[in-house]
Amino acid sequence: TLLMQQCNDLRGEVATMAMALDKSMYSIIKIGKQNGNHALLMSLVDAYNRYRIQRRKRLKRRYAQAAEYEQKFSDPEASKFIFEKCKGFDAWIGDFYSEQQTQQFMTACQSSITCFYRRLMPRAPMHFYCPRYHEQIDDDILDIASYIFCAYHSVQRYASSPSSASSRLPVQIDVVIVVKAVKRAAAAAAVEVDVDDEDTKEEDEEEAEEELRRFEIGDIEQRLHGQSPVVKRRITLENGERSMLQSLESVLDDKACRRAIFIIDRRRHEHKQEHDISYCYQPNTARKCHAFEANADLRLNASLVQNCRVCLIPTPTPKTAMNANGDGTDGVDINVNNMRQADLFTLSFHVFSANEVRVYLYLHGWGTRFFIEDIKYFLPTFFEPTQESKLRNAFEKDDDRTFADKYQQCKNKCVDVQFENFYKRLINDGKTCH
């Protein structure tokens, strides 16, 4: 019932409800609820994500050439992660479970992670460079990183406000950056598709172009017509933190269990736009992704991921297509699943308290748990290749330490002490999740 009400995509098809995957997932959710109301399913998925990213980071430091890295790196499946890499299960549950029960529990953990990825949040790629057939972000990585710094500071200030403890937390804050441009990865451009039937090839190309047109972002202000309130501002790297916080304060209005979406449009072709423009809004109630369950005992934290699957940027709503709820009938909502390649860069902040903020990165249709260190070691993968050296210079060679100092300041912002402790106990090898 909770899945049906809060996270229907994770529930799966009715015909598969009795399958082992579903039973395992339900049991993990139930065990977490019975043990301190712990979001066990999300913690396991996040731990697997973080293990993969940390492993990638270590190997990329060791093997600096793409060919050598790809040869040495193997991305562990969930089963290998649970049964071979999680050394803490015995110490964690050994006093309560027999050896057979422990094995059954670990099998349920592995199955739950697999089910989550299949239905709700596909895994992030761990390639050396951006994968084939994907587009690369053609934007200034220092600007994007600086906006991430602004978001970390703004969210932390919102969470640390004196009124937050009693009235306005938890909340969900999604920061969506519409990048200046994208371009086809060189590896993808060089690929030749062997298609014997030219008619079939043309049909496939037309379908692909139609799919891109359906999810074209277009005029954001028009898309937000019918949403209320909407706060529009000119935003810069200098005023980003202040502007973001003021917009969030206005839209969330000190109400707990609400969702605010903050969009930064960096494109220059729309309306001869010369500056970055921000829009902050809350989806209307008709979309059923404007809030989440207020009762912590009943809440499924995966429902916040579900919200991002429903809508980030709504469909255009011409006045002729408006209904009583301000909902339009034309076009499609942009969300983390149908994002057009790399056009949208999204960070989702699940803000439960000042020291429990869970951050997720969504790009190319996949998602992963995000920590500020990923700016250095993971983010450049999805940018045009020259941006990685630009970022490295900002950290290692620039006499002006402003950028590096801002990065360091964010290390104590938007922390999640509970998850970090969970990861250490689960892996039990002395390594951290970031």
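Hydrogens, waters and symmetry mates are skipped; everything else that's a heavy atom, side chains included, is used. Along the sequence shown, residues are numbered consecutively beginning with 1. Nothing here was measured: the structure is a model prediction, and the numbers come from that model.
Remark: aromatic rings of F422 and H38 are close, center separation under 6.0 Å. Annotation: Y360 is not in aromatic contact with W366 [ring centroid separation under 6.0 Å not met]. F370 and F378 have their aromatic ring centers separated by at least 6.0 angstrom.
Classification of D276 and R266 as a salt-bridged pair holds, one side-chain N sitting under 4.0 Å from a carboxylate O. A salt bridge does not link E373 with K57: none of the charged nitrogens is closer than 4.0 Å to a carboxylate oxygen. A salt bridge does not link R268 with E274: none of the charged nitrogens is closer than 4.0 Å to a carboxylate oxygen. Between D138 and K180 no salt bridge is recorded (no basic side-chain N to carboxylate O distance below 4.0 Å).
At a threshold of 4.5 Å between non-hydrogen side-chain atoms, the residues T346 and I177 do not count as touching. Proximity of S27 to F105: side-chain heavy atoms (C-beta onward) are nowhere separated by under 4.5 Å. A heavy-atom distance below 4.5 Å is not found between the side chains of T315 and V332. Between M244 and I264 the shortest side-chain heavy-atom distance falls below 4.5 Å. Under the 4.5 Å side-chain criterion, counting only non-hydrogen atoms from C-beta, H153 is not in contact with L245. Looking at heavy atoms from C-beta onward, L347 lies out of side-chain contact with Y362 at the 4.5 angstrom threshold. Side-chain contact between T381 and R56: present, with at least one pair of heavy atoms (C-beta onward) separated by less than 4.5 Å. For the pair R52/P125, no side-chain contact is recorded, criterion being any heavy-atom separation below 4.5 Å from C-beta on.
A cation-pi geometry, defined here as NZ or CZ lying under 6.0 Å from the six-membered ring centre and within 45° of its normal, holds between R358 and F352. With Y51 as the aromatic partner, K85 does not meet the cation-pi criteria of under 6.0 angstrom to the ring centre and within 45 degrees of the ring axis.
The two atoms that bring T114 and A78 nearest to each other are OG1-CB, 3.9 Å, heavy atoms only. Between I372 and Y407, the shortest heavy-atom distance links the atoms O-CE1, 3.4 Å.
For S161 and R168, the side-chain atoms include at least one donor-acceptor pair closer than 3.5 Å. Looking at R309 and N337, their side chains do bring a donor and an acceptor atom within 3.5 Å of each other. A donor-acceptor pair shorter than 3.5 Å cannot be found between the side chains of D46 and Y423. Looking only at atom types and distance, the side chain of S79 has no donor-acceptor partner in the side chain of E77 under 3.5 Å away. Defined by atom type and a distance below 3.5 Å, a donor-acceptor pair is present between the side-chain atoms of Q172 and D174.
Counting non-hydrogen atoms of neighbouring residues, nucleotides and ligands closer than 6.0 angstrom, the NZ atom of K33 exceeds 12 such neighbours. The local environment of NZ in K60 is crowded, with over 12 non-hydrogen atoms from other residues, nucleotides or ligands closer than 6.0 Å. For NZ of K424, the number of neighbouring non-hydrogen atoms (other residues, nucleotides, ligands) closer than 6.0 Å is 12 at most. More than 12 heavy atoms of other residues, nucleotides or ligands sit less than 6.0 Å from atom CD of Q34.
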Salt bridge (Lys or Arg N to Asp or Glu O under 4.0 Å) for R55 and D75? Distances and angles first, verdict last. CA-CA 9 Å; R55 189 167 182 271; D75 195 4; 6.0 Å; no
Before giving the answer on salt bridge (Lys or Arg N to Asp or Glu O under 4.0 Å), spell out for D343 and R267 the whole-Å C-alpha distance, their side-chain angles and the decisive distance to 0.1 Å. CA-CA 10 Å; D343 281 1; R267 297 171 300 170; over 6 Å; no
Could you walk me through whether S247 and R233 pass the side-chain hydrogen bond (donor to acceptor under 3.5 Å, both in side chains) check? CA-CA 9 Å; S247 299; R233 299 173 184 267; 2.9 Å; yes
As a quick check of understanding, evaluate side-chain contact (heavy atoms from CB on, under 4.5 Å) for R392 and K376, giving each step before the final call. CA-CA 8 Å; R392 190 182 304 115; K376 291 179 71 173; over 6 Å; no
Might you work through the side-chain contact (heavy atoms from CB on, under 4.5 Å) test for R50 and F419, ending with a clear yes or no? CA-CA 11 Å; R50 293 313 307 173; F419 173 71; 4.0 Å; yes
As a quick check of understanding, evaluate side-chain hydrogen bond (donor to acceptor under 3.5 Å, both in side chains) for T236 and H275, giving each step before the final call. CA-CA 8 Å; T236 66; H275 309 284; over 6 Å; no
Working for ring pair (Phe, Tyr, Trp, His ring centres under 6.0 Å), residues F349 and Y152: CA-CA 9 Å; F349 295 81; Y152 264 69; 5.6 Å; yes
Between D416 and V357, is the side-chain contact (heavy atoms from CB on, under 4.5 Å) condition met? List the steps. CA-CA 5 Å; D416 186 359; V357 182; 6.0 Å; no
side-chain contact (heavy atoms from CB on, under 4.5 Å) assessment of K255 paired with C257: CA-CA 7 Å; K255 294 177 181 177; C257 301; over 6 Å; no
What's the verdict on salt bridge (Lys or Arg N to Asp or Glu O under 4.0 Å) for E221 and K232, showing C-alpha distance, side-chain angles and the deciding distance? CA-CA 9 Å; E221 191 163 2; K232 178 182 177 181; 2.8 Å; yes
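Under the side-chain hydrogen bond (donor to acceptor under 3.5 Å, both in side chains) rule, Y377 has a single partner from Q54, R58, R61, which is R61.
Note that CD1 of I313 is 10.0 Å distant from OH of Y279, once rounded to the nearest 0.5 Å. The OG1 atom of T368 sits 7.5 Å away from the CG atom of D374 when rounded to the nearest 0.5 Å. The CE atom of M25 sits 7.0 Å away from atom OG of S112, with the distance rounded to the nearest 0.5 Å. Interatomic distance, CG of L10 versus CZ of R118, reported as 12.5 Å (0.5 Å rounding). To the nearest 0.5 Å, the span separating CG on L40 from CG on N35 amounts to 8.5 Å. Distance check, rounded to the nearest 0.5 Å: CD of Q387 to CG of D140 gives 5.5 Å.
Judged by distance alone, with hydrogens and angles left aside, the side-chain atoms of S353 form a donor-acceptor pair with the main-chain N or O of E356 at under 3.5 Å. For S160 (side chain) and R157 (main-chain N/O), no donor-acceptor pair under 3.5 Å exists by modelled atom type. Under the 3.5 Å distance criterion, the side-chain polar atoms of R401 are matched with a main-chain donor or acceptor of F395. In this structure, T107 contributes its side chain and Q103 its backbone to a donor-acceptor pair below 3.5 Å. For the pair E293 (side chain) and L298 (backbone), a donor-acceptor distance under 3.5 Å is absent.
Between F382 and H364, the two ring planes are tilted [angle within 30° to 60°].
In this view, Y48 and F81, Y117 satisfy the ring pair (Phe, Tyr, Trp, His ring centres under 6.0 Å) rule, not counting sequence neighbours. Q282 is linked by a side-chain contact (heavy atoms from CB on, under 4.5 Å) to V251, R258, H290, counting only residues two or more places apart in sequence or in another chain. Partners of F371 under the ring pair (Phe, Tyr, Trp, His ring centres under 6.0 Å) rule, at least two apart in sequence or in another chain, are H434.
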